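Please read the structure below before turning to the comments.
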Amino acid sequence: MSGPSDAGAQPIDDVDVVPLAGGDRRGPGHHRRSVPSGEARVISLHPVTEPEPGMPLLRKRRDELAAHVAEGRMDAVRRQHSLGKLTARERLALLLDDDSFTEIEPYRRHQARGLGLEENRPYTDGVVAGSGTIDGRRVFVYAQDFTVFGGSLGEAHAAKIHKVLDLAVATGSPVIALNDSGGARIQEGVLALNGYGGIFRRQVEASGVIPQISVILGPCAGGAAYSPALADFTFMVRDTGWMFLTGPDVVEAVTGRRVSHDELGGADTHGRHSGVATVVHDDEESCLADVRYLVSLLPRNYLERPPAEPETGATADWRPRLAELVPAEPNRPYDMRDVFTEIADDGEFFALHEAWAPNVLCALARIDGRVVGLVGNQPCVLAGVLDGPASQKAARFVRFCDAFGIPLVTLVDVPGFLPGVDEERNGIIRQGAQLLHAYCEATVPRIQVILRKAYGGAYIVMDSRSIGCDLSLAWPTNQIAVMGAEGAVNVLFRRELAAAPDPAALRARLVAEYVAEYLNPQYAAERGLVDDVIDPADTRAAIARGLAMLQDKRKPGPQRKHGNHPV
């Protein structure tokens, strides 16, 4: 025990005992003892508190806080609506089945300090995250909340997205991102950048494992734009959705050119020119409805088959209109979308990248209840020729379908690759090789239908028998050759034509002979490069029978880490 000269408080059995003038020390459970001087007063280390609140009060406080978090700041909500945008929770209500959303970490708050952040710590940290269902099927989702910090991403914000991505992969469920963010939270510096890196890494690891869908409903600037670029599908809404690496102010400062947000990174810019946007809509309601429809066509993960519907009797379906839609003359245009309509169940298909590279069509549809990927040349745009963007568009779609077990149906009417100096300089060889690589490595059931022209390298690339299609069908109008008859005659008989007294008459006779000899409907079938020459009216039925025949196809890939895709 300390002597009387000690001036400070001494702890005794969880009690501070302070020496007083009388010299006594007292404590709970201790008898009075004599000390050299004065009396003592006892100060408890356990402060006296009010009785703990009961469960009803605790529940009331919890409910009030939950309501406050869900309601948000009304002034910020009104401003969001004034911009023509819905709130994060309103968007989730449209996207998900009623009462199916389970939120995670609604009370998460950032722990950053400095620059005034410690005085402003709203709940959710600007992102609403969790899981729900679409038509009863599980999805994971996060919706950035522009009413909180402008939806900017900081450490806590990123951690919630990381958790959603991890749970989506762990449960084998699609993930949907509703983007509406000003970008990285500058006040948090490198922690915000680290958060983005964690998102990108998880997206790449999830690629080919679960479907990933991004929806751009507001700004998506800077490094954040890489997230939708890594997704399988990106939806954008006109006038409110923007996506760019550097904003208009930076562009003007560097280049001197003044551009608007829409011109630089609006929905039509990315839907028509860059190809980053898969689908473009005029409003959020129709956009989110389309996201729901897309999910209904996709498997939950790469181990599951796409959701099937009851058979429609397609194996015996006779479609005489197909013979009327497609002219027999190889140079007359028509709309391949009409062919898709005749082939698909109920005439419905989900077109992707409609405005970008429109000379090739890519769509998801059902044939006899089974989900398929449709790829087709579009004769009414550039005569259906393949160029760089069209090759890239089709290649990415083929790779997606193969990753998720979706059979491929390729409708061929292609005059070749687009010739030209610009095309060669822009890398058409490399871009065409992307499509070639995609088809060659695909192990899903693959059916090719040659409607009319199939010339040169473009014939090979459009899933020919030589690169592994399982079933090749052709119409009586098929023409499979290195090039068209006139081009072939001009090359093969150039000297004779130059010396002929009537070159036009000689060319016409030689073209007719070449067509009869090399471009007749049975030429490829006789050599085993086409399985059957079918009546156009039987196309839907023949495809349906082929899909039924191939539904149990199993073809493991070669033993390797991965191929070197010609990106």
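All values reported here derive from a predicted model rather than from experimental measurement. Note that the numbering runs from 1 along the sequence shown for the chain.
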Report the C-alpha separation of Glu188 and His157 in whole Å, then their side-chain angles, then the decisive distance to 0.1 Å, and conclude whether the side chain to side chain donor-acceptor pair (under 3.5 Å) test is met. CA-CA 11 Å; Glu188 295 197 33; His157 184 122; over 6 Å; no

Should Asp166 and Arg202 be marked as a side chain to side chain contact (heavy atoms under 4.5 Å, CB included) after you check the CA-CA gap, both sets of side-chain angles, and the distance that decides it? CA-CA 7 Å; Asp166 290 341; Arg202 286 170 172 82; 3.0 Å; yes

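Taking all atoms of both residues into account, the shortest heavy-atom contact from Ser207 to Gln212 is N-NE2, 3.4 Å. Across every non-hydrogen atom of Ala88 and Val128, the tightest pair is CB-CG2, 4.1 Å. The shortest heavy-atom contact between Ile367 and Leu374 is CD1-CD2, 4.4 Å. Of all non-hydrogen atoms in Arg366 and Ser296, the two that sit nearest each other are NH2-O, 3.1 Å. When all heavy atoms of Phe404 and Asp232 are compared, the pair lying nearest together is CE1-OD2, 4.3 Å. What you find for Ala224 and Cys220 is that their closest heavy atoms are O-SG, 3.6 Å.
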Can I get a per-line list of side-chain donor-acceptor pairs under 3.5 Å for residues 557-567, giving both atom names and the distance, sequence neighbours left out?
from	atom 1	to	atom 2	distance (Å)
His565	ND1	Arg399	NH1	3.4
His565	ND1	His437	ND1	3.2

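A distance of 6.0 Å separates CD in Gln203 from OG in Ser214, rounded to the nearest 0.5 Å. Between the CG atom in Leu83 and the NE2 atom in His81 there is a gap of 10.0 Å [rounded to 0.5 Å]. Atom CG of Leu364 sits about 6.5 Å away from atom CG of Leu294, to the nearest 0.5 Å.
Surrounding CZ of Phe101 are more than 12 heavy atoms belonging to other residues, nucleotides or ligands, all under 6.0 Å away. The environment of CZ in Arg337 is sparse: at most 12 heavy-atom neighbours from other residues, nucleotides or ligands sit within 6.0 Å. Atom OH of Tyr293 has more than 12 heavy atoms from other residues, nucleotides or ligands within 6.0 Å. Within 6.0 Å of NZ in Lys553 there are more than 12 heavy atoms belonging to other residues, nucleotides or ligands. By the 6.0 Å contact criterion, CZ on Arg201 is enclosed, its count of non-hydrogen atoms from other residues, nucleotides or ligands being greater than 12. In Ile186, the CD1 atom is not crowded: 12 or fewer heavy atoms of neighbouring residues, nucleotides or ligands sit closer than 6.0 Å. Other residues, nucleotides and ligands contribute more than 12 heavy atoms inside 6.0 Å of the CG atom of Asp552. The number of heavy-atom neighbours closer than 6.0 Å to CZ of Arg121, taken from other residues, nucleotides and ligands shown, is above 12.
In this structure, the side chain of Gln80 does not engage the main chain of Phe146 through any donor-acceptor pair within 3.5 Å. Asp402 places a side-chain N or O within donor-acceptor distance of the main-chain N or O of Val444, the cut-off being under 3.5 Å. No donor-acceptor pair under 3.5 Å is formed between the side chain of Glu309 and the backbone N or O of Gly369. No donor-acceptor distance shorter than 3.5 angstrom exists from the side chain of Arg113 to the backbone of Glu118, with no hydrogens or angles considered. The backbone N or O of Asp368 lies less than 3.5 Å from a partner atom in the side chain of Asp345, making a donor-acceptor pair. Between the side chain of His353 and the backbone N or O of Lys393 there is no donor-acceptor pair closer than 3.5 Å.
Here the rule is side chain to side chain contact (heavy atoms under 4.5 Å, CB included) with Thr234, and of Val280, Val215, Asn179, Thr278 only Thr278 fits it. With Val77 as reference, Thr87 is the one residue of Leu86, Asp145, Thr87 to meet the side chain to side chain contact (heavy atoms under 4.5 Å, CB included) rule.
The existence of a salt bridge linking Glu263 and Arg257 is confirmed by a sub-4.0 Å separation between a basic side-chain nitrogen and an acidic carboxylate oxygen. Taking 4.0 Å as the cut-off between side-chain N and carboxylate O, Lys160 and Asp125 do not count as a salt-bridged pair. Here Arg300 does not pair with Asp135 in a salt bridge; the nearest charged N to carboxylate O distance is not below 4.0 Å. In summary, Arg292 and Asp97 engage in a salt bridge, as defined by a charged side-chain N under 4.0 Å from a carboxylate O. A salt bridge between Arg73 and Asp75 is present, with a side-chain N of the basic residue lying under 4.0 Å from a carboxylate O of the acidic one.
The shortest distance between side-chain heavy atoms of Leu298 and Pro174 does not fall below 4.5 Å.
Both the sub-6.0 Å distance and the 45° axial angle are satisfied by Arg109 relative to the ring of Tyr123.
For residues 230-286, every residue pair satisfying the ring-ring contact (aromatic ring centres under 6.0 Å, His included) rule, not counting sequence neighbours, is listed here: Phe233-Phe400, Trp242-His261, Phe244-His261.
Remark: Glu354 pairs with no residue by the side-chain hydrogen bond (donor to acceptor under 3.5 Å, both in side chains) rule, at least two apart or across chains.
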